[in-house]
Amino acid sequence: MNFKDFSNYCSNTRALIIGDIMLDRYVIGDINRISPEAPVPVFLSQSSKQVLGGAGNVYNNLISLGVNATLISIIGEDSFGKQIQKILKKKSKDFYLFKEKNKPTTVKTRYSVKGQQLIRIDEEKKEKLSDLAHKFILKRFKKEILKHNVVILSDYNKGIFNKNLTQQLIKLSNKCNIPIIVDPKNKDFNIYKNASLITPNHLEASLVTNLPCNNNRETEICAENIMDKYAIKKVLITRGSEGLRYIEKKEKVHQPTKKIEVFDVSGAGDTVLTVLSVCV
């Protein structure tokens, strides 16, 4: 596939994303002394930036590729939630956010020196999805699904995807004959039953199947186990530096990758999910 063909695929893709949105904060600085108060380095902040994380990163990637994308998610009634809204408004009008009163917006703050991440501080509160939030997501999903040709569930295990809601979304997608792709973080794959395609990494696949997932053959066995046990049609397992392994009943594909040295791998799975949805 050449770039022109891929661009055409992007412009013809209409993706509906439901998932855990978060704010990714990056603080860049330097360290040149030890604190006199305790034997710890002193981090001198020099610059910072805030970008969309989680399902928001998938949404941002899709828009950057020229895909017609719509996002449904949840934020808290706080300053970080307002910041997410502000960033989203600069990119598109096609998003729907429910404000949960008792659940703060998830924030991940990374502190880096010379490209090397020192520490990540997470601010989150996992709460059961409220009835109002459940109704909001389902109502918006029903209104939007027929306008799109692929559905993406970006699950970061922050509270949106309980079994009830997830199964409702999958059943509606299947009823409308629209492929639904799941990026899973829940250890119980029962909630993803009957999805079109699921994209665990090799560690997640190994954990959910209780099987090794270290080479091509073991990866195939894990994928086949997932397909049989959870009635999922296709599985794509990401294997880090070993590339990707795609398995369905009629086809098995291994896509190697070129190893490069990187300091921050955040968002790698989101990028795979983005391009995959266009190809589907």
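Just so you know, these numbers use all the heavy atoms, side chains as well, and skip hydrogens, waters and symmetry mates.
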Can you find a side-chain donor-acceptor pair between [X] and [Y] that sits under 3.5 Å?
X	Y	value
Ser92	Tyr59	yes
Asp188	Asn190	yes
Thr106	Glu123	no
Arg239	Asn216	yes
Tyr192	Gln167	no
Glu242	His202	no

Do side-chain atoms of [X] reach the backbone of [Y] as a donor and acceptor pair under 3.5 angstrom?
X	Y	value
Thr166	Lys163	no
Ser206	Leu203	no
Arg110	Arg25	no
Ser35	Val40	no
Asn12	Asn8	yes
Asn162	Leu129	no

Is any side-chain heavy atom of [X] less than 4.5 Å from a side-chain heavy atom of [Y]?
X	Y	result
Tyr246	Lys252	no
Lys229	Phe189	no
Lys86	Ile84	no
Met22	Phe80	no
Lys90	Ile87	no
Ile63	Asp94	no
Ile74	Leu97	no
Asn57	Asp24	no

Separation of [Y] [atom2] from [X] [atom1] (nearest 0.5 Å):
X	Y	atom1	atom2	value
Ser47	Ile28	OG	CD1	5.0 Å
Tyr26	Ser48	OH	OG	12.5 Å
Glu220	Asn225	CD	CG	13.5 Å
Cys222	Arg217	SG	CZ	10.5 Å
Asn214	Thr219	CG	OG1	7.5 Å
Thr274	Leu62	OG1	CG	4.5 Å

| task | Decide side chain to side chain contact (heavy atoms under 4.5 Å, CB included) for Glu124 and Lys126; before the verdict, give the C-alpha distance in whole Å, the side-chain angles of both, and the deciding distance to 0.1 Å. | result | CA-CA 6 Å; Glu124 64 182 35; Lys126 294 182 181 179; 3.5 Å; yes

Give the minimum heavy-atom separation between [X] and [Y], together with the two atoms involved.
X	Y	answer
Ser154	Gly54	OG-C, 4.2 Å
Ile34	Pro41	CD1-CA, 4.0 Å
Asn164	His134	ND2-CE1, 3.6 Å
Val27	Ser45	CG1-OG, 3.5 Å
Pro200	Ile226	CG-CD1, 4.4 Å
Ile17	Ala69	CD1-CB, 3.9 Å

Under a single-linkage definition using a 4.5 Å side-chain heavy-atom cutoff for Ile, Leu, Val, Met, Phe, Trp and Tyr, are [X] and [Y] assigned to the same hydrophobic cluster?
X	Y	value
Leu207	Ile237	no
Leu197	Val151	no
Leu71	Leu52	yes
Ile75	Leu138	no
Val278	Leu236	yes

| message | Testing Lys103, Lys101, Lys135, Glu100 one by one against Ser130 for a side-chain hydrogen bond (donor to acceptor under 3.5 Å, both in side chains), which residue passes? | response |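 For Ser130, the side-chain hydrogen bond (donor to acceptor under 3.5 Å, both in side chains) test succeeds with only one of Lys103, Lys101, Lys135, Glu100, which is Glu100.
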
| message | Checking His148 now: which residues fulfil side chain to side chain donor-acceptor pair (under 3.5 Å) with it, not counting sequence neighbours? | response |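 For His148, the residues satisfying side chain to side chain donor-acceptor pair (under 3.5 Å) (neighbours in sequence not counted) are Thr70.
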
| Between Asp20 and Asn157, does a side chain to side chain contact (heavy atoms under 4.5 Å, CB included) hold up when you go through it step by step? | CA-CA 8 Å; Asp20 299 295; Asn157 201 22; 5.7 Å; no

| query | Is Glu204 salt-bridged to Lys185, going by a charged N under 4.0 Å from an acidic O? | reply |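 Salt bridge present between Glu204 and Lys185.
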
| Charged N-O contact under 4.0 Å between Glu248 and Lys233 |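 No, no charged N to carboxylate O under 4.0 Å.
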
Count the heavy atoms of every other residue, nucleotide or ligand shown that sit under 6.0 Å from [atom1] of [X], and state whether that count exceeds 12.
X	atom1	answer
Gln46	CD	yes
Lys108	NZ	yes
Asp122	CG	yes

| task | Answer yes or no on whether Lys193 is positioned over the face of Tyr230, meaning its NZ or CZ is under 6.0 Å from the six-membered ring centre and within 45° of the axis. | result |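 No, Lys193 does not sit over the ring of Tyr230.
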
| field | Pair Ile160-Ser73, side chain to side chain contact (heavy atoms under 4.5 Å, CB included): steps then yes or no | value | CA-CA 8 Å; Ile160 287 183; Ser73 190; 4.0 Å; yes

| task | Just jot down the salt bridge (charged side-chain N to carboxylate O under 4.0 Å, His left out) partners of Glu127, sequence neighbours excluded, or say none. | result |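 Expected list: Lys125.
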
| request: Start with the C-alpha gap between Arg245 and Val253, add the side-chain angles, then the distance that decides, and say whether side chain to side chain contact (heavy atoms under 4.5 Å, CB included) holds. | output: CA-CA 6 Å; Arg245 192 73 176 172; Val253 178; over 6 Å; no

| said: Which residue is it: Leu16, Asn68, Thr13? I am looking for the one with a side-chain contact (heavy atoms from CB on, under 4.5 Å) to Asn149. | reply: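 Result for side-chain contact (heavy atoms from CB on, under 4.5 Å) with Asn149: Thr13.
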
| How far apart are the C-alpha atoms of Asn201 and Thr238, what are their side-chain angles, what is the distance that settles it, and do they pass the side-chain hydrogen bond (donor to acceptor under 3.5 Å, both in side chains) test? | CA-CA 4 Å; Asn201 61 41; Thr238 57; 5.3 Å; no

| Aromatic ring pairing Phe136/Phe98, orientation class (parallel under 30°, perpendicular over 60°, tilted between) |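 The arrangement is tilted - the two ring planes meet at 30° to 60°.
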
Ignoring hydrogens and angles, write down the donor-acceptor pairs under 3.5 Å from the side chains of residues 173-184, residues two or more places apart or on other chains.
from	atom 1	to	atom 2	distance (Å)
Ser173	OG	Leu169	O	2.9
Asn174	ND2	Ile170	O	3.4
Asn174	ND2	Asn194	O	3.0
Asp183	OD1	Thr199	OG1	3.4

